[in-house]
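Everything on this sheet refers to the single structure shown next.
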Amino acid sequence: MKLKSIHIAVITIVVIFGGIYLSSVLGHWNSKEEKAPARYSDSALSGQYDPETIKGSFSFGDISDYFEIPLSDLADAFKLTDPATFSTFKCKDLETIYTFPEETGIEIGTGSVKLFVALYKGLPTDISEGDTYLLPEAVAILKSKADLSTVHLEYLASHTAILTDENVVSGEGTVSKESVTVASTTGVLSSPAVKTGEENPYAIKGTTTFKDLLDWGITEAGIESVIKMDMPFSGTKIKDFADSNSLDFGEIKIAFEEMVKRIIP
Amino acid sequence: MTDNSKKAGKKQKQWLRTSVQIFFFLLVAGISVNHYLAETGQAIPFLSSVSLHAICPFGGVVSFYNYVMAGSFIQKIHESSFILMIIALFSAILLGPVICGWVCPLGTFQEFIGKIGKKLFKKRYNTFVPEKLDKYLRFIRYIVLVLVVYVTATSVKLLFQNVDPYFALFNFWSSEVSVIALLILGATIILSLFIERPWCKYLCPYGAFLGITNLFRIFKVRRIPEKCIDCKMCDRACPMNIKVSKVRAVTNHQCITCLKCTSEFTCPVSDTVIVSVKEETGK
């Protein structure tokens, strides 16, 4: 059987696009990064999405869909003004809009979104480190729509970031600049350790692997002391490992982050 | 059929491969641009906006070890890369590295630059590298393949992106592209003026991977010695400098199934250099 160029052309195109179509029908053609947050694995909250797994690449539209929070509440909480951009606005872009003096240690970013969503939905959130801030608008929305505990109210009272002209970096139409004097009573300036305003490169995220921990200086023995079993293949994501071994990702995340802090101050 | 119509027929058919190449080049370029437009909410409708990694079959190759060991893909690699890896491998077992010769946009890009080189250097084009040196240099791409797979497996990161001219070509406007990758792309462009498909010949790890299928592919480029007039036109036509006139079946790892050597395009004797399953005779 001989082939000519027309046969080669047809076979090539049919195999490529036919293969893509077939894999798509079978549900194996996934070409985009997973935009769904992970769900809780423990039985009490099983099935619900975990705000802690929100990534910087998630848009407000994604978060509104998954957590069933009105898009307008998210936009108002973070002072977005252009409705055309509410849905596509990414969490990580908050840090490019809002900057605070380095000595304050304040940043408004993905962590703020996680906190807002957790409090709004009444889901667990870790505020022990005290390094996440919200805008006054977000706090107002939470007070009116969420069921906040005394602990949460006290935390928000001292972790509200007030905007001044200097804080708002961009006047690109998505945020309105305000001339508001910094209020000392909110405790804005009494923040903990100085931050550079950049995301912590050693934070344990959904994509962090055991190899990352080893690279950061944690030993295999140290890892095994936390997970209480043999360390798997180093390329395994910690979150995947926790989920498949019924471990609490939140707990081992905190344990590993503490270990990293001791190694890399 | 007269000699003139035979020549005219061959010219028309050459456009078929070029058309397929242009189609895939524009498709990949469009998707790459749309990926960035999508981030500003201005994506072109009906055109995919996935990242280049999602439509690159080599992503599946480099991530394979991590997938087997950890059950997950390395960063930036998606399931679609695996599917394309399988599709490309299937087509390669059938037809050889047809992905290289008909689909790969970087290969197409180098060929386009090569046309300038042909105009400049005419018959000297693609003959600058001494044959004795060239035959050893052709195996460097296997070293690159092993290195890339090893480094990816041990680092669990897509470090190849930092040197990949293919990624640089379709993302040169973004901050994701490293300076090294841009320099390699620049070098590839310059070398393409002197050598046909220099990246493919000497450095492409994916070409190396697919090139192995030339040893056992089902449809091979075959020459029928009984009909061959030994004019060596097939050798001159081959972009990969394969000596087609010396073999009955092309199993050279560098063949990209471009069909330039065949009777359909270059060989002046009909049905003498063909693509077939079985060995043919002149009878």
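What you see below is based on every heavy atom in this structure, not just the backbone, and it leaves out hydrogens, waters and symmetry mates.
In this structure, the portion of Lys211(A) lying under 4.5 Å from any heavy atom of chain B is its side chain and not its backbone. Looking at Ile20(A), both its backbone and its side chain come within 4.5 Å of chain B, counting heavy atoms on both sides. For Leu214(A), no part lies near chain B; criterion is any non-hydrogen pair under 4.5 Å. In this structure, no portion of Ile86(B) lies under 4.5 Å from any heavy atom of chain A. Residue contact with chain A, scored on non-hydrogen atoms closer than 4.5 Å, involves the side chain of Phe24(B) exclusively. Proximity to chain A (any heavy atom under 4.5 Å) is shown, for Ser19(B), by neither the backbone nor the side chain. For Ser155(B), the part lying near chain A is the backbone, with the side chain staying farther off; criterion is any non-hydrogen pair under 4.5 Å. In this structure, the portion of Phe17(A) lying under 4.5 Å from any heavy atom of chain B is its side chain and not its backbone. Only the side chain of Asp212(A) comes within less than 4.5 Å of a heavy atom of chain B; its backbone N, CA, C and O stay farther away. When heavy atoms are compared at a cutoff of 4.5 Å, Val98(B) approaches chain A solely by way of its side chain, counted from C-beta outward. Neither the backbone nor the side chain of Ala88(B) comes within contact range of chain A, judged by heavy atoms closer than 4.5 Å.
Counting non-hydrogen atoms of other residues, nucleotides and ligands closer than 6.0 Å to OH of Tyr150(B) gives a total of 12 or fewer.
Close placement of the Phe160(B) and Phe58(B) rings is indicated, their centers lying within 6.0 Å of each other. Residues Phe82(B) and His28(A) keep their aromatic ring centres 6.0 Å or farther apart. The six-membered or imidazole ring of Phe170(B) lies near that of Phe25(B), with a centre-to-centre distance under 6.0 Å.
The line from CG of Leu71(A) to CZ of Phe60(A) is 8.5 Å long, rounded to the nearest 0.5 Å.
When side chains are defined from C-beta on, Tyr98(A) counts as touching Leu135(A), because their heavy atoms get closer than 4.5 Å.
Residues Glu137(A) and Lys79(A) are paired through a salt bridge, judged by an N-O separation under 4.0 Å between the basic side chain and the carboxylate.
Listed by first then second residue, pairs satisfying side chain to side chain donor-acceptor pair (under 3.5 Å) with a partner in residues 16-25 of chain A number zero, not counting sequence neighbours.
Residue with the most contacts toward chain A among Val20(B), Ile274(B), Val103(B), Leu84(B): Leu84(B) (heavy-atom pairs, distance under 4.5 Å). With chain B as the partner, the residue from Asp215(A), Val15(A), Thr236(A) showing the most heavy-atom pairs under 4.5 Å is Val15(A).
Remark: the Glu68(A) side chain and the Tyr120(A) side chain contain no N/O donor-acceptor pair separated by less than 3.5 Å.
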